[in-house]
Amino acid sequence: MTTEKCQNFVIFYGSQTGNAEWIAKNIHQESIERGFISECYVLDDYNNKVDFSKEKVLVFVISNTGDGDPPDNSIKFFRFLRKIKSKTYLSHAKFSILGLGDTNYSNFNNTAKRLEKKLLDLGGTSFYNTGLADDAVGLESIVDPWIANFWPALANVCVQKQKDSGIDVTESIVSLSIKDNSQNTNNLQSSENDSHLTNGNKSESIKLGNKILLDLTDIVDSDQLTAIPRLPTVFCKISRLNKEKVTTPLPSFLASSSRILNTRINAVRCLTHPNAVKKTLHLELDIKDLEFSFIPGDAFEIFAPNHEVLVKGILNTLGINENMAHEEISIEAAEGIVDLPIHLKKFDSTSIFELLRYGVDLTSLPRKALLRMMADYTSDDQEKRSLFFLCSKQGSQQLNRLYEQRPTILDLLITFPSCKPPIERLLDTLPQHQPRYYSIVNSPLMNPNELHFAFNIVDYYTPNPYNIQKHGVCTTWLDKLCGYVNEMNVRTILNPNISIPIALKTNQSGFNVPSDISKPLIMIGPGTGVAPFIGFLQHRELQFLSENNDKHLGDMWLFYGCRDKEKDFLYRKELEGFVERGILKELLVAVSRAPDAGVDGKPKYVQDIMRIKGRDIFELITKKDAIIFVCGDAKGMAKGVNDALADILVEHGQMQQSEALDLLKKWLREKRYLRDLVSKL
Ligand code: NAP
């Protein structure tokens, strides 16, 4: 391989929620400012944009979805890569990878690791170590230092036309004039003047925003701060098109996309008792006349807006009046920007109000880059100093205390009242607003014109000493649309005008009911994790009863968990019906808050019952070739179930723990063990 430096490099991203795209585009922009020549593309565009057999320096920013699978916009690329077998295909190329993952999932950063292995197998050379960022502790703690050290590594392999000195990130800190704030720095600052906005209905009340309790105990002078994030790229500018109000109910990208379907909610049923710990709703959507074909195991997306009260609060705080907020505008690339992030690109004729409702995420944990950007638009020295501290290495513990309060962008603006960023800079820095995913509950054989799903209303309090009530975006919105029903298992038909935008999301991981009905299934799904299994059971029952069927029905076992059989045993009647009709061979329920749960070896969770039924599970898997399906919480439950399966293999299969864990990994790869997992808050 030649040691000559390359003239340019290419950055590719595979992004599920926009984070990898945002990071890749920031690296791209910064590289240009640093005098490198670079291009930046989404991975699935690889064949239109570059020739891999020629490109010499490649950088990948790649996230994960599902159980360590590649993001949707990189699947084509991974398929292409899999087919290449030549050990020298990339022997001319140097690469580096930044992976975005989450240790709550067992296949942590699987995509980046797989990519690295494949690129090495094809003869590529890594010019800078792979970064494996962990969302469970905050992506930035790995991403920021990875990027900082990336530049010198890049300069070793790529020509750099100018020096780095033009972009000294500490410049604006040093120029700060710091007042003596000693009496403010040793306390938790709180507000006595929290403002409320309600619409008069008690159950709809939502707080406008909360002042965050700031821990500034160890605040240090700004010139002692290190690892301050760089100012995020200025991506967009707003052009005013029309003083007229934008009055369409949905943004153009939702109204005009052929993928997104506006769907009526037919009916709602509350699956839980009013005194249950969590409230769970079952909704039935009308998909008659829509092109929407699915099989049990598939999920779909709902495009829920940010809460109107939250959006209005932000507009108020930034001094944007009602008229300005609704004027017709367009979002354009700022000077020097080749490509806007995709979520800003899809809004053509829009309004600021619409962008805040549907374009950007107002509620997820603030990136450090956001705090850094805010510092630049903060006039009060003490507030500015606090913002710099919070996004620095020295303020990382204090930032964690801020994160515990799960602040919205409005909470930040209230906490730092002299911070008045232009709306464009917020749009640049806030992440993309995400659709929410739900598993489909019903089988199309049972209700071909309907789509059923279930979800918990997300409503919780932040931990002591904060105790601030927080609401989910989508589930709160749906609860409101459905009139806050709470009578258990009473089906309510809704007003025909209530509709929501949705899009199908077929399951890429193979988590679907197998077509061969004789295959035995072990299904594990506590709480709303049971959702897809209702569809599995309906589907198999109808396939079994169909005239063309000449196969016997494979054994089906369901391990289900709830807190109280009377209050939150979701779909109890349906599940017991499957047992009575001989469709479900075993329904095993762990009741976690039963008085004797977990006492004297009594089961508490699904994994406890699995251990009790270990021999049966072992035989189903090894003698009858059963497939294991797990659906639900990624963190506690999925790990507990994996451990239980390993213990069963050790006990009944006479193998070592490490062999059992390896076997489970192999089954995951072979799709004999399939998981559909979600990480809870
Ligand atoms: P949940 O109501 O919080 O809990 C259900 C049962 O699981 C309770 O008895 C709970 O017990 C128990 N549990 C708690 N920790 C456990 C652990 N470490 N191992 C095993 N069981 C445990 O459940 P949920 O909120 O519905 O959670 C289901 C998960 O599935 C969520 O993450 C959800 O996002 C995800 N999911 C939902 C859908 C959907 O379509 N809605 C689809 C796929 C996945 P205690 O509380 O008494 O400890």
Side-chain angles (χ1 to χ4, degrees), residues 65-67 102 104-106 269-273 275-285 294 296-302 304 434-442 451-460 472-475 478-479 502 504-505 507 509 511-512 523-536 558-572 588-599 602-611 629-645 674-681:
T65 184
D67 204 5
D102 187 333
N104 283 327
Y105 293 79
S106 51
R269 173 159 64 111
C270 183
L271 299 178
T272 44
H273 187 273
N275 297 335
V277 172
K278 290 184 183 178
K279 173 179 174 182
T280 311
L281 289 184
H282 166 96
L283 263 61
E284 299 170 20
L285 304 180
F294 63 94
D298 282 340
F300 71 105
E301 305 168 309
I302 300 184
Q434 296 298 322
R436 300 323 200 237
Y437 295 95
Y438 298 95
S439 301
I440 299 172
V441 165
N442 61 310
L451 193 151
H452 299 182
F453 67 107
F455 56 91
N456 293 324
I457 311 297
V458 178
D459 180 358
Y460 65 98
V473 175
C474 185
T475 62
L478 291 172
D479 195 17
I502 65 166
L504 180 64
K505 173 124 182 32
N507 212 322
S509 66
F511 192 102
N512 286 113
M523 300 172 286
I524 303 148
T528 51
V530 74
F533 301 133
I534 303 292
F536 279 37
L558 175 66
F559 292 85
Y560 174 68
C562 61
R563 297 185 179 87
D564 179 331
K565 271 192 173 177
E566 303 308 318
K567 293 185 184 153
D568 63 357
F569 187 163
L570 312 180
Y571 299 110
R572 178 175 192 166
L588 298 139
V589 184
V591 185
S592 61
R593 311 253 172 128
D596 57 354
V599 180
K602 296 264 175 17
K604 180 172 177 185
Y605 290 151
V606 279
Q607 54 270 40
D608 304 327
I609 312 197
M610 288 173 67
R611 285 195 175 88
F629 287 91
V630 184
C631 182
D633 167 41
K635 204 176 176 181
M637 186 277 296
K639 285 201 174 111
V641 165
N642 199 63
D643 290 348
L645 286 169
L674 288 140
R675 305 193 292 185
D676 189 356
L677 307 177
V678 179
S679 185
K680 289 192 194 179
L681 287 172

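It should be emphasised that the depicted structure is a prediction, and the values quoted were computed from it without experimental measurement. In each ligand, atom 1 is the first atom listed, and ligand 1 is the first ligand listed. Numbering starts at 1 and runs along the sequence shown.
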Ion pair check, K279 and D459, cut-off under 4.0 Å | no

Which segment of R593 sits under 4.0 Å of ligand 1 when only heavy atoms are counted = side chain

Show which atoms of ligand 1 fall inside a sub-4.0 Å distance from at least one heavy-atom site of Q607.
-> 17 (C), 19 (N), 20 (C)

Side-chain (D643) to main-chain (G640) donor-acceptor, under 3.5 angstrom = no

Please state whether the rings of F453 and Y438 are parallel, tilted or perpendicular, taking 30° and 60° as the class boundaries.
-> tilted

Subset of ligand 1 atoms that lie under 4.0 Å from at least one heavy atom of G527 = 5 (C), 23 (O), 26 (O)

Record the part of K278 in heavy-atom contact with ligand 1 below 4.0 Å; permitted values are side chain, backbone, both and neither.
-> side chain

Check: N642 side chain, A638 main-chain N or O, donor-acceptor pair, under 3.5 Å = no

Hey, mind stepping through F294 and F300 against ring-ring contact (aromatic ring centres under 6.0 Å, His included) and telling me if it holds?
-> CA-CA 9 Å; F294 63 94; F300 71 105; 9.0 Å; no

Once you round to the nearest 0.5 Å, how far does CG of L478 lie from CG of L283?
-> 6.0 Å

Ligand 1 atoms in contact with C631 (distance to a heavy atom under 4.0 Å) = 43 (C), 44 (C)

Within the structure, does C562 bring an N/O atom to less than 3.5 angstrom of an N/O atom in ligand 1?
-> yes

How long is the span from the OG1 atom in T528 to the CG atom in D633, to the nearest 0.5 Å?
-> 9.5 Å

A454, any N or O under 3.5 Å of ligand 1 N or O | yes

Please verify whether a non-hydrogen atom of G640 lies at under 4.0 Å from ligand 1.
-> no

Would a line drawn from the ring center of Y560 to the ring center of F533 be shorter than 6.0 Å?
-> no

S439 N/O under 3.5 Å from ligand 1 N/O | yes

S592, any N or O under 3.5 Å of ligand 1 N or O = yes

Between N456 and ligand 1, does any nitrogen or oxygen pair lie at a separation below 3.5 Å?
-> yes

